[in-house]
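Everything on this sheet refers to the single structure shown next.
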Amino acid sequence: MQQVFNGLVSGSFYALLALGLAVIFGMLGVVNFAHGAFYMLGAFGAYILLTEAGVNFWLALVLVPLALGLFGVILERLLIRRLADLDPLYNFLLTFGLTLILQDLLKREYGVQSQPYPPPISATLDLGLFEYPAYQVFVLGCSIVVCLAVWFVLSRTRVGMIVRAATERPELTRAFGIDVGRWVTPVFGFGVALAGLAGVLAAPMRAVNPLMGADLIITVFAVVVIGGLGSTFGSVLAGFLIGVVGSLGNLYVPALSQTLVFILMAAVLLWRPAGLFGREEALT
Amino acid sequence: MGVSRTAALAAGIAVVAAGCGGGPGGGDEKISNGKITLAVLNDQSGVYADLSGKNSVTAVTMAIEDFKAEHGDKAVAKEIDVVTADHQNKPDVANSKAQELYDRQQADIILDVPTSSAALAVAGQAKAKKKLYINVGAATTELTGAQCNKYTFHWAYDTYMLANGTGTTVTAEGAKDWYIVYPDYAFGQDMEKSFTAAISKAGGKVLAKDPTPFPNDNFSTFLLKAPGMNPKPAVLGTMQAGGDLVNLVKQYNEFKLRDKGVDLAVGLMFITDIHSLGVAAFEGTKFTDAWYWNESPENRAWADKFKQRTGARPTFAHAANYSAAMQYLQAVQRAGTDDSDAVVKTLENHAFEDVFAKNGKVRAEDHRMIHDVYLAQVKAKSEVTEEWDYEKIIKTIPAAEAFKPLAENTCKF
């Protein structure tokens, strides 16, 4: 039970990151390799705000995603857009390059050592069955709320309808006279903001260093593939699933626990080539 | 290239001139290609870049300057220079870089080389090329054990010394029951074995040990398990390093294990780790340190010079690189040549003191440099008086007891 809970906390990060990746992929067709770097920027954003301006964690939780969202908007306008009509591989390489640049810029400034970030809540919560750090419970709650909110926006609002339509059938949506291009930039910015949010949430409980996103992004890609490329619901669910699988793996088969994600990915792909919640035609 | 060719040519002329009985030899005829080249091969951009990296190069440069200041600019050779390469912590890269340094850059010695697998790869090259190699940054006892060779020396620390220091002392102080978590790769497995041996020798018991994935950002699985075990372990021994160590300690604090009666002992820790997490996160943690910058006025004076150039206080690895470079240069001076075999001979059994090594001695049998090491405890935040002032030295472990006894060693040259 405790381990499942651990897994859900890990899964919170996967879910937030995978959600961002999924909407970006769905809308732009961009496999955003820089997502891990944006996550890292989120954590560093919180750290820099704290040390340079004394801004506390709660404020950073709002400010950093906003700033990163803006950063994402600029990136999309300035760079991503220019390659949108080419083979997706170009944007993949672009975001890969961006990752290296961002990592190295921060390495130059802060080195590879982790930076200190004090926990905003240090109490533990009695959850009946066991005691758990309150902060981690907060992370889980935060992630669930955000995912639900995104789901609500996507499924119940007009904006969400357009985004979903544009994700699934961009040409057809255009044919209905909807300006799909107008939504591309904000969606990218939003995806980046989600990564930033995950980064801020990670700062108090994980090592804040320029490489923190690099290790994570591979797993998150696997999560998105398992969930079904472009499927937001699938990505979130797969995020939590992988969190739990990883946590149980840590306990029962430590040697395998990191490979487990990829074994699962391979199994899912064999069984459902489009992922758990993906549609086959999305592949073509 | 042009410069070294000219230098080589000049040296060639000098040798010929000396051979003909003309001109003052100046001692240079004994120095291959007229200069001494020290190579620093380490991690310049990855996880170990801060604890060794470029600052190790600075430390070696400082050694050369101090050597020249003491013995004159042309003491052993007209020129002493430093070259560096980044091995990215990969054994295959380390192997080819070492080859390049020895062959093309004409390095007389390679220094530092963190990451055990990379360190062993370089030892292979040193043996093949018959060139010197003083390892500073890596932890494996294999360098002076089964995989030892005549040209390889090990300077600062190793897994035996860490386990012997921390495992033995903490157990002897009453924390008999241990729970060990270690990253599942060569270093972690090595550390786990060394710790388990040291703990049981000291009368303690390892209740459980768990390998963890590497790298890993969620240690909750193990942190939740610890206080629930029956009997409950008195101390959690972590063999994690770098970013993983930071993750684990952050989460150890979140789960409030210390309040639940499970203390923390860290297998390998550098002062940069404490600096990065903040002293409060580590308060009270015991670990073995090979050297501490603020332990004596002499150390401090050197650390001040180091800080002027780098902006940071030195880790023990930085000080040990300084020491290794200095001892090498002095050995060349004593031998009167940079010929590898002659230098090895003067280094063997050499006893010395320098800013890094107290009661230092290079064992001839396995080329382990033994010296006094320290059991350190991280200060409470209220005791810290300046930046980087994080450690209390609570015990000095004499050189003779600090390292693996020769009787247990398997090294055969």
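We use all heavy atoms of the structure for the numbers below, so side chains are in, but hydrogens, waters and symmetry mates are not. Protein chains get the first letters and strands the later ones, always in sequence-line order, with residue 1 at the start of each.
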Chain A contact via [X] - side chain, backbone, both or neither, heavy atoms under 4.5 Å:
X: B:Asn253; answer: neither
X: B:Lys54; answer: neither
X: B:Leu277; answer: backbone

Item checked: Atom pair CZ/CD of A:Phe44 and A:Glu109 - distance to nearest 0.5 Å -> 10.0 Å

Next item on the list: Measure the CE-OH distance between B:Met62 and B:Tyr322 for me, rounded to the nearest 0.5 Å.
Entry: 6.5 Å

Side-chain donor/acceptor of [X] to backbone N/O of [Y], under 3.5 Å:
X: B:Thr315; Y: B:Leu51; value: yes
X: B:Ser52; Y: B:Ala49; value: no
X: A:Thr95; Y: A:Phe33; value: yes

Using 4.0 Å as the upper bound for N to carboxylate O, is an ion pair formed by [Y] and [X]?
X: B:Lys250; Y: B:Asp217; result: no
X: B:Asp210; Y: B:Lys225; result: yes
X: B:Lys379; Y: B:Asp389; result: yes
X: A:Lys107; Y: A:Asp104; result: yes

Quick check on [X] against chain B: is it the side chain, the backbone, both or neither that has a heavy atom closer than 4.5 Å?
X: A:Ile121; answer: neither
X: A:Tyr117; answer: both
X: A:Glu131; answer: both
X: A:Ala134; answer: neither

Under 4.5 Å, counting heavy-atom pairs only, tell me which of [options] racks up the most with chain B.
options: A:Gln115, A:Met205, A:Met212; value: A:Met205
options: A:Pro204, A:Ala123, A:Gly249; value: A:Pro204
options: A:Pro210, A:Ser122, A:Ala202; value: A:Ser122

Margin query: Quiz question: by atom type and distance under 3.5 Å, do the side chains of A:Tyr110 and A:Asn209 form a donor-acceptor pair?
Written below: no

Check: Taking non-hydrogen atoms and a cut-off under 4.5 angstrom, which of residues 181-193 of chain B neighbour chain A?
Finding: B:Asp184

Next item on the list: Sort out for me which of B:Asn218, B:Asp50, B:Asn247, B:Thr272 touches chain A most, counting heavy-atom pairs under 4.5 Å.
Entry: B:Asp50

Notebook entry, point to check: Can you tell which of B:Asp244, B:Asn216, B:Val246, B:Thr221 has the highest number of heavy-atom pairs within less than 4.5 Å of chain A?
Noted result: B:Thr221

Next item on the list: Write down the atom of A:Ser143, the atom of A:Leu16, and the distance for their closest heavy-atom approach.
Entry: OG-CG, 3.9 Å

Notebook entry, point to check: Given side chains that start at C-beta, do those of B:Phe222 and A:Asn250 come closer than 4.5 Å, heavy atoms only?
Noted result: yes

